[in-house]
Amino acid sequence: SKFGLNGAQVRFELPENTQFAGTTGTNVTLQGDDVVLTLGHLDVGAVQTVEVPVIVPSSKHGHQVLFAHASLHSSAALPVESNPVITLVR
């Protein structure tokens with residue numbers, strides 16, 4: 001962004017039939033099917049990598065496709081959507 005972002009949060013919508021496998025706390029919460037990661041302030045040009053571990057039940061049959069995406073929210077800007085991620089479960 002050309003501007004620093006205050007109150008930055010990443011909202012990751014869990015793919016259908018998956019569960020969050022991480023730990024919740026002050027900076028990571030669950031809100032319905034969304035994992036919300038609070039990043040706080042991001043400076044201009046900052047890069048932040050986040051990982052969201054999920055569990056895929058063993059009942060998922062092989063060759064099933066999972067679709068996922070995330071969005072970046074801030075008190076200073078409109079939300080920005082991530083590129084979609086497609087995972088093939090084998």
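On a predicted model such as this, the values are computed, not experimentally measured, just so you know.
No side-chain heavy atom of V89 sits less than 4.5 Å from a side-chain heavy atom of V65. Between V36 and V10, the closest side-chain pair of non-hydrogen atoms is not below 4.5 Å. Counting heavy atoms from C-beta outward, T24 and L30 have side chains that approach closer than 4.5 Å.
With hydrogens and angles disregarded, a donor-acceptor distance shorter than 3.5 Å links the side chain of S74 to the backbone of A76. A donor-acceptor pair under 3.5 Å links the side-chain atoms of H41 to the main chain of L5, judged by distance alone. For the pair T18 (side chain) and V54 (backbone), a donor-acceptor distance under 3.5 Å is absent.
Of all heavy-atom pairs between A68 and P15, the closest is CB-CG, 3.8 Å.
Atom CD of residue Q48 and atom CG of residue L42 lie 6.5 Å apart, to the nearest 0.5 angstrom. In this structure, CG in L72 is found 11.0 Å from CG in L37, a value given to the nearest 0.5 Å. The CD atom of Q9 sits 4.0 Å away from atom OG1 of T38, with the distance rounded to the nearest 0.5 Å. The line from OG of S82 to CZ of R11 is 13.5 Å long, rounded to the nearest 0.5 Å. Rounding to the nearest 0.5 Å places CD1 of I55 at 13.5 Å from CG of N17.
Other residues, nucleotides and ligands contribute at most 12 non-hydrogen atoms within 6.0 Å of the CD atom of E51.
Between H69 and S71, the side chains place no donor N or O within less than 3.5 Å of an acceptor N or O (distance only, hydrogens not considered).
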What's the verdict on side-chain contact (heavy atoms from CB on, under 4.5 Å) for L88 and L66, showing C-alpha distance, side-chain angles and the deciding distance? CA-CA 6 Å; L88 176 62; L66 298 176; over 6 Å; no
Worked check of side-chain contact (heavy atoms from CB on, under 4.5 Å) between F20 and V28: CA-CA 11 Å; F20 177 59; V28 180; 3.8 Å; yes
